[in-house]
Amino acid sequence: MNEIVRIIKYSWDLKRYYLWTAFFVVLTSIFSLATPFFLKYLVDGIVRNGKGEHVPLNYFILILVLILVVNVLTTVISNIQG
């Protein structure tokens, strides 16, 4: 435990970088969790369409665009994070 305290004291000046890194890790995790939910809505729309219900094409396009945006943002944030 003493070694951990010593490391924290030694690197205390870098705390702003640690905070940004922690923020980006949490943000990347949230974005990574969003994609399966979007895929669920996409599959639900396909199933409803297969059962004969009318599902507008805009519904599928919106979900696909959201998946693309989330994946691009995840990649950009991961690259910024280092």
Side-chain angles (χ1 to χ4, degrees):
M1 187 69 180
N2 290 335
E3 290 82 13
I4 293 174
V5 171
R6 199 173 327 149
I7 290 171
I8 291 173
K9 286 180 182 178
Y10 179 74
S11 63
W12 187 252
D13 295 334
L14 301 173
K15 70 179 173 184
R16 62 183 169 164
Y17 298 113
Y18 295 148
L19 293 176
W20 279 110
T21 301
F23 173 74
F24 285 139
V25 165
V26 169
L27 199 60
T28 304
S29 299
I30 290 171
F31 283 154
S32 296
L33 291 173
T35 302
F37 287 104
F38 290 141
L39 289 175
K40 179 211 177 290
Y41 292 124
L42 186 67
V43 169
D44 288 346
I46 292 171
V47 169
R48 284 191 344 220
N49 197 13
K51 290 183 178 179
E53 294 181 34
H54 176 67
V55 181
L57 184 61
N58 291 340
Y59 177 80
F60 295 112
I61 292 172
L62 176 67
I63 292 175
L64 290 174
V65 167
L66 287 173
I67 290 172
L68 177 68
V69 168
V70 165
N71 286 332
V72 168
L73 285 175
T74 302
T75 302
V76 168
I77 291 172
S78 294
N79 286 335
I80 290 172
Q81 180 183 353

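Put simply, CZ on Phe23 and CD1 on Ile77 are 7.5 Å apart, with the number rounded to the nearest 0.5 Å.
Shown here for Leu66 and Phe38, the closest heavy-atom pair between the two residues is CD1-CE2, 3.8 Å. Thr28 and Ser78 get closest at one heavy-atom pair: CG2-OG, 3.8 Å. The two residues Ser32 and Thr74 come nearest to each other via the heavy atoms OG-CG2, 4.1 Å.
Hydrophobic cluster membership is shared by Ile80 and Leu27, with clusters built from Ile, Leu, Val, Met, Phe, Trp and Tyr side chains linked at under 4.5 angstrom. There is a path of hydrophobic side-chain contacts, each under 4.5 Å, that joins Ile61 to Leu68. Linking ILVMFWY residues whenever their side-chain heavy atoms come closer than 4.5 Å, directly or via other members, places Phe31 and Val69 in the same cluster. The same ILVMFWY cluster, assembled from side-chain heavy atoms under 4.5 Å apart, contains both Leu62 and Leu57. Following chains of ILVMFWY side-chain contacts shorter than 4.5 Å, one can reach Trp20 starting from Leu73, so the two form part of one hydrophobic cluster.
Screening residues 48-68 for side chain to side chain donor-acceptor pair (under 3.5 Å), with sequence neighbours left out, gives no hits.
Partners of Tyr41 according to the ring-ring contact (aromatic ring centres under 6.0 Å, His included) rule, which considers only residues two or more places apart in sequence or in another chain, do not exist here. For Leu64, the side-chain contact (heavy atoms from CB on, under 4.5 Å) partners are Leu42, not counting sequence neighbours. Every residue meeting the side-chain contact (heavy atoms from CB on, under 4.5 Å) condition with Thr35, not counting sequence neighbours, appears here in chain and number order: Leu39, Ile67, Val70, Asn71. Among residues two or more places apart in sequence or in another chain, the side-chain contact (heavy atoms from CB on, under 4.5 Å) test is passed with Phe37 by none. Evaluation of the side-chain hydrogen bond (donor to acceptor under 3.5 Å, both in side chains) rule for Asp44 yields Lys40 as partners, not counting sequence neighbours.
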